[in-house]
Asks: 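The structure is given below, and queries will be raised subsequently.
Computed over heavy atoms, backbone and side chain alike; hydrogens, waters and symmetry mates excluded.
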Amino acid sequence: MDPKGWRVELNDGHFIPVLGFGTAAPEEVPKSKAEEVTKLAIEAGFRHIDSAHAYNNEKEVGQAIRSKIEDGTVKREDIFYTSKLWMTFLRPELVRPALENSLKKLQLNYVDLYIIHFPMALKPGEELFPTDEHGKAIFDTVDLCATWEALEKCKDAGLTKSIGVSNFNRRQLEKILNKPGLKYKPVCNQVECHPHLNQSKLLDFCKSKDIVLVAYSALGGQRMKRWLAPNAPVLLEDPVLCAMAKKYQRTPALIALRYQLQRGVVVLAKSYNEKRIKENMQVFEFQLTSEDMKVLDGLNRNLRYLPFQIGADHPEYPFSDEY
């Protein structure tokens with residue numbers, strides 16, 4: 001099957017591969033591993049690579065992409081690379097330097113997609129999580145519309161092909177969409193999304209605005225232990241998912257990924273295991289019946305594995321709204 005068939009068009013005319021490889025790693029995984037697994041993912045057929053300044057591995061991920069270009073596996077234009085603007089860089093004057101810093105680490109001339117990682121601004125500086133003496137996050141006040149204008153300028157400068165957002169709720173998306181003089185709409189909203197949190201209302205809203213929903217933690221957030229909601233059930237052990245995996249003779253992970261593709265969601269699969277990286281590419285080899293899609297819809301319990309409690313008091317904390 002031609003990988004070009006596995007892409008959807010964004011509202012700016014560019015194309016995004018519907019299956020992406022997520023590179024966020026648990027703390028216990030050494031950074032060097034990011035290079036190794038990104039190479040494996042590209043060899044397995046992944047063409048959409050998702051990373052971020054906050055993952056602290058763009059140098060290694062960039063190295064992997066460049067080595068696969070050098071050995072002739074792919075061309076630069078075959079790869080769709082996403083980076084993210086961290087919360088300490090939301091002031092408009094910090095946006096372009098942050099993107100240029102990512103490009104320097106990646107040793108690439110452009111990224112395919114640059115997105116605002118979270119709508120909550122934190123105090124500018126080198127620390128990812130600036131905190132006061134009581135360990136509370138130090139917030140900053142920034143107009144998201146001004147941040148967005150700075151992203152538009154990065155697109156015009158050719159530093160990124162497309163621009164979007166992540167972890168925005170409907171109200172925050174509308175703020176951007178209704179901005180006077182809006183030049184480019186966000187092409188996507190990357191959010192936590194899986195059968196226990198299917199985001200159907202946000203998905204419908206995004207579709208109505210021609211914004212692609214991109215799912216992270218599509219297999220549950222189990223590997224990000226530091227951020228995981230306490231006592232969260234393991235998604236891939238859900239009995240309904242497991243029964244369906246048996247029926248289709250696939251893994252529960254593949255059922256969860258396929259579910260997203262059939263809803264028109266672009267999905268990120270995260271794995272640091274070679275066998276599973278290859279296995280995740282099988283998502284294109286089968287189809288779920290509409291009855292089974294309904295059964296999976298019924299698993300929704302609005303369970304957020306990654307509630308990001310550190311930002312819960314922020315005025316722009318996105319998860320207090322219904323969607």
Asks: Can you name the ring pair (Phe, Tyr, Trp, His ring centres under 6.0 Å) partners of Tyr317, sequence neighbours left out?
Replies: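 Tyr317 satisfies ring pair (Phe, Tyr, Trp, His ring centres under 6.0 Å) with Phe319 only.
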
Asks: Which residues pass the salt bridge (Lys or Arg N to Asp or Glu O under 4.0 Å) test with Glu152, sequence neighbours left out?
Replies: none

Asks: Check side-chain contact (heavy atoms from CB on, under 4.5 Å) between Leu303 and all other residues, then give those that pass, not counting sequence neighbours.
Replies: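 Partners of Leu303 under the side-chain contact (heavy atoms from CB on, under 4.5 Å) test: His196, Pro233, Arg301, Tyr305.
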
Asks: Could you walk me through whether Tyr259 and Asp297 satisfy the side-chain hydrogen bond (donor to acceptor under 3.5 Å, both in side chains) test, starting with their C-alpha distance in whole Å, then the side-chain angles of each, then the deciding distance to 0.1 Å, before giving a yes or no?
Replies: CA-CA 9 Å; Tyr259 169 66; Asp297 281 337; 2.6 Å; yes

Asks: Answer yes if the side chains of Gln190 and Asp50 hold a donor-acceptor pair under 3.5 Å, and no otherwise.
Replies: yes

Asks: Just one of Val111, Leu151, Leu113 clears the side chain to side chain contact (heavy atoms under 4.5 Å, CB included) bar with Ile163, so which one?
Replies: Leu151

Asks: Strictly by ring pair (Phe, Tyr, Trp, His ring centres under 6.0 Å), give each pair with a member in residues 127-181 just once, sequence neighbours left out.
Replies: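 For residues 127-181, and leaving out neighbouring residues, the ring pair (Phe, Tyr, Trp, His ring centres under 6.0 Å) pairs sorted by first residue read Trp86-Phe129, Phe129-Trp227, Phe139-His314.
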
Asks: What pair of heavy atoms forms the shortest contact from Lys179 to Glu149, and how long is it?
Replies: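 Closest approach of Lys179 to Glu149, heavy atoms only: NZ-OE2, 2.7 Å.
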
Asks: Taking the six-membered ring for Trp, are the ring centroids of Phe308 and Phe118 within less than 6.0 Å of each other?
Replies: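 They qualify: ring centres under 6.0 Å apart.
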
Asks: Among residues two or more places apart or on two chains, list those pairs meeting side chain to side chain donor-acceptor pair (under 3.5 Å) that have a residue in residues 106-115.
Replies: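 For residues 106-115: Arg76-Asp112.
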
Asks: Quick one: side chain to side chain donor-acceptor pair (under 3.5 Å) partners of Lys153, sequence neighbours excluded?
Replies: none

Asks: Restricting to side chain to side chain donor-acceptor pair (under 3.5 Å), what partner residues turn up for Asn189, sequence neighbours left out?
Replies: none

Asks: Going by ring pair (Phe, Tyr, Trp, His ring centres under 6.0 Å), name the residues that satisfy it together with Phe46, two or more places apart in sequence or in a different chain.
Replies: Phe21

Asks: Going by ring pair (Phe, Tyr, Trp, His ring centres under 6.0 Å), name the residues that satisfy it together with Tyr184, two or more places apart in sequence or in a different chain.
Replies: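 None.
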
Asks: Please enumerate all residues that pass side-chain contact (heavy atoms from CB on, under 4.5 Å) together with Ala146, with sequence neighbours excluded.
Replies: Pro92, Asp143

Asks: Got a sec, which residues hit ring pair (Phe, Tyr, Trp, His ring centres under 6.0 Å) with Phe80, two or more places apart in sequence or on another chain?
Replies: His48

Asks: For Lys59, check salt bridge (Lys or Arg N to Asp or Glu O under 4.0 Å) against everything at least two apart and list the hits.
Replies: none

